[in-house]
Amino acid sequence: LRALLRQDPNIIMVGEIRDGETAELAIHASLTGHFVLSTMHTNSAVGTIPRLLDMKVEAFLLGSTLSTVLAQRLARKICAHCRVEEELPKDLIAEVKQIFETVPKEIIDEELKDVDLTKLTFYRGSGCPRCANSGYSGRVAVVEIINVTDKLRHMIIEQGQALKDDDVRQTQLFVSMLQDGLIKSLKGLTTMQEVLRVMRD
């Protein structure tokens, strides 16, 4: 990274930040006007902030340089050729409805405008020759994205390690990975079981 900075690049891609030295170099590179992209192993987008602070990155430096955080899991996609409706247990349906109460209305209106939310319908693949009878074909990304706004920047500097999902929700229209997975399962892109599986991994 030090050698790379001497070549005056506009954009730097760091394969993975896994120690304090790499984190510090990436932060200082972004402080000097470089656009830095990188990856980290965390459980969620919000988890990236305390993880970087654990690596001894100063909160005021992190707050002033961090721009966007995207966390993702890859879920198996339902085969389009054998997709059928699926009936889920009542307790799971009740849990889904409870999770949906925290999804911003603007997101629901935009993402599920063609879905009847009074009657939640889920799907699965019944299995066919095109998907080798697995019911799945391809992958779909289940994601959550944080845009570091001025308000969130201030929270990172003030709260640091104590930052939670609810704090992020105060600053923007935030959808967690689980909520995004539920939206994608209602759209028939993946199964509810697959969403729960990737969230437990």
Side-chain angles (χ1 to χ4, degrees), residues 39-51 67-149 151-152 155 159 162-201:
T39 65
M40 286 188 79
H41 285 285
T42 59
N43 290 326
S44 65
V46 179
T48 304
I49 294 160
R51 179 90 174 87
S67 175
T68 305
V69 184
L70 183 148
Q72 71 169 14
R73 305 276 172 89
L74 291 177
R76 291 178 296 174
K77 200 173 181 180
I78 297 173
C79 174
H81 302 284
C82 62
R83 190 179 79 170
V84 293
E85 288 187 15
E86 179 182 35
E87 198 169 315
L88 294 183
K90 287 182 180 176
D91 58 333
L92 189 55
I93 293 284
E95 193 179 330
V96 167
K97 285 180 177 176
Q98 192 176 358
I99 292 166
F100 260 108
E101 286 174 9
T102 58
V103 178
K105 187 180 183 300
E106 296 92 332
I107 301 292
I108 292 174
D109 291 345
E110 184 183 331
E111 293 290 328
L112 299 172
K113 56 178 175 282
D114 300 324
V115 175
D116 181 6
L117 294 175
T118 58
K119 178 183 173 290
L120 298 181
T121 306
F122 293 89
Y123 303 87
R124 66 179 177 84
S126 60
C128 67
R130 297 198 188 201
C131 62
N133 290 315
S134 67
Y136 295 102
S137 179
R139 293 281 191 277
V140 63
V142 177
V143 302
E144 66 181 35
I145 301 171
I146 296 174
N147 288 311
V148 183
T149 61
K151 190 174 180 182
L152 183 55
M155 284 180 171
Q159 294 171 239
L163 202 68
K164 298 284 186 293
D165 282 10
D166 288 338
D167 299 321
V168 175
R169 282 192 179 92
Q170 292 174 30
T171 67
Q172 59 201 272
L173 295 176
F174 177 70
V175 177
S176 70
M177 268 191 289
L178 178 57
Q179 291 169 337
D180 186 56
L182 294 180
I183 288 168
K184 286 184 166 81
S185 65
L186 280 170
K187 289 167 87 171
L189 294 173
T190 188
T191 64
M192 194 62 219
Q193 290 83 352
E194 184 66 5
V195 171
L196 295 174
R197 183 188 70 81
V198 297
M199 290 309 299
R200 290 189 190 113
D201 285 351

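What you see is a predicted model; the values in this text were computed from it and never measured. We number each residue from 1, following the sequence as shown.
Separating the CD atom in Glu111 from the NZ atom in Lys187 is a distance of 4.0 Å, to the nearest 0.5 Å. Atom OG1 of Thr39 and atom CG of Leu70 lie 12.0 Å apart (nearest 0.5 Å). How far OG1 of Thr190 is from NZ of Lys77: 10.0 Å, rounded to the nearest 0.5 Å. One distance of note links OG of Ser176 with CD1 of Ile145; it measures 12.5 Å at 0.5 Å rounding. In this structure, the separation between CG on Leu178 and CG on Leu196 is 7.0 Å, given to the nearest 0.5 Å. Here the straight-line distance linking atom CG of Leu173 with atom CZ of Arg169 works out to 11.0 Å at 0.5 Å rounding.
Under the 3.5 Å distance criterion, the side-chain polar atoms of Glu194 are left unmatched by any main-chain donor or acceptor of Ala75. Between the Ser126 side chain and the Cys82 main chain, a donor and an acceptor come within less than 3.5 Å of each other. Thr171 places no side-chain N or O within donor-acceptor distance of the main-chain N or O of Leu152, the cut-off being under 3.5 Å. Asp109 places no side-chain N or O within donor-acceptor distance of the main-chain N or O of Glu106, the cut-off being under 3.5 Å. With Glu85 contributing its side chain and Thr121 its backbone, the two residues share no donor-acceptor pair below 3.5 Å. Judged by distance alone, with hydrogens and angles left aside, the side-chain atoms of Glu144 form a donor-acceptor pair with the main-chain N or O of Met177 at under 3.5 Å.
With Val103 as the partner, the side-chain contact (heavy atoms from CB on, under 4.5 Å) test is satisfied by one option alone out of Leu182, Ile108, Leu112: Ile108.
Closest heavy-atom contact between Thr102 and Gln179: OG1-NE2, 2.6 Å. Contact detail for Leu92 and Met192: the closest heavy-atom pair is CD2-CG, 4.0 Å. Scanning all heavy atoms of the two residues, the minimum distance from Asp180 to Val175 falls at N-CG1, 3.6 Å. In plain terms, the two heavy atoms of Gln72 and Ala141 that are nearest each other are OE1-CB, 4.0 Å. Between Ala71 and Ser44, the shortest heavy-atom distance links the atoms CB-C, 3.8 Å. In terms of heavy atoms, His41 sits closest to Arg51 at O-NE, 3.7 Å.
Remark: the Glu86 side chain and the Gln193 side chain contain an N/O donor-acceptor pair separated by less than 3.5 Å. With hydrogens and angles left out, the side-chain atoms of Tyr136 and Thr191 include a donor and acceptor closer than 3.5 Å.
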Apply the test side-chain contact (heavy atoms from CB on, under 4.5 Å) to residues Arg197 and Arg76: give CA-CA distance (whole Å), side-chain angles for both, the deciding distance (0.1 Å), then the verdict. CA-CA 10 Å; Arg197 183 188 70 81; Arg76 291 178 296 174; 4.2 Å; yes
Test side-chain contact (heavy atoms from CB on, under 4.5 Å) on Ser134 and Cys79 and set out the steps. CA-CA 8 Å; Ser134 67; Cys79 174; over 6 Å; no
Carefully, step by step, assess Val195 and Lys184 under the rule side-chain contact (heavy atoms from CB on, under 4.5 Å). CA-CA 9 Å; Val195 171; Lys184 286 184 166 81; 5.9 Å; no
Apply side-chain contact (heavy atoms from CB on, under 4.5 Å) to Phe100 and Leu186, showing your working. CA-CA 11 Å; Phe100 260 108; Leu186 280 170; 3.3 Å; yes
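For the pair Val69/Thr42, no side-chain contact is recorded, criterion being any heavy-atom separation below 4.5 Å from C-beta on. Side-chain contact check for Val148 versus Thr68: every heavy-atom pair is 4.5 Å or farther apart. Side-chain contact between Arg130 and His81 is present, with heavy atoms from C-beta onward closer than 4.5 Å. You'll find the side chain of Val46 stays beyond 4.5 Å of the side chain of Lys164, heavy atoms only.
The local environment of CD in Gln170 is crowded, with over 12 non-hydrogen atoms from other residues, nucleotides or ligands closer than 6.0 Å.
For the pair Arg83 and Tyr123, the cation-pi criterion (under 6.0 Å, within 45° of the ring axis) is fulfilled.
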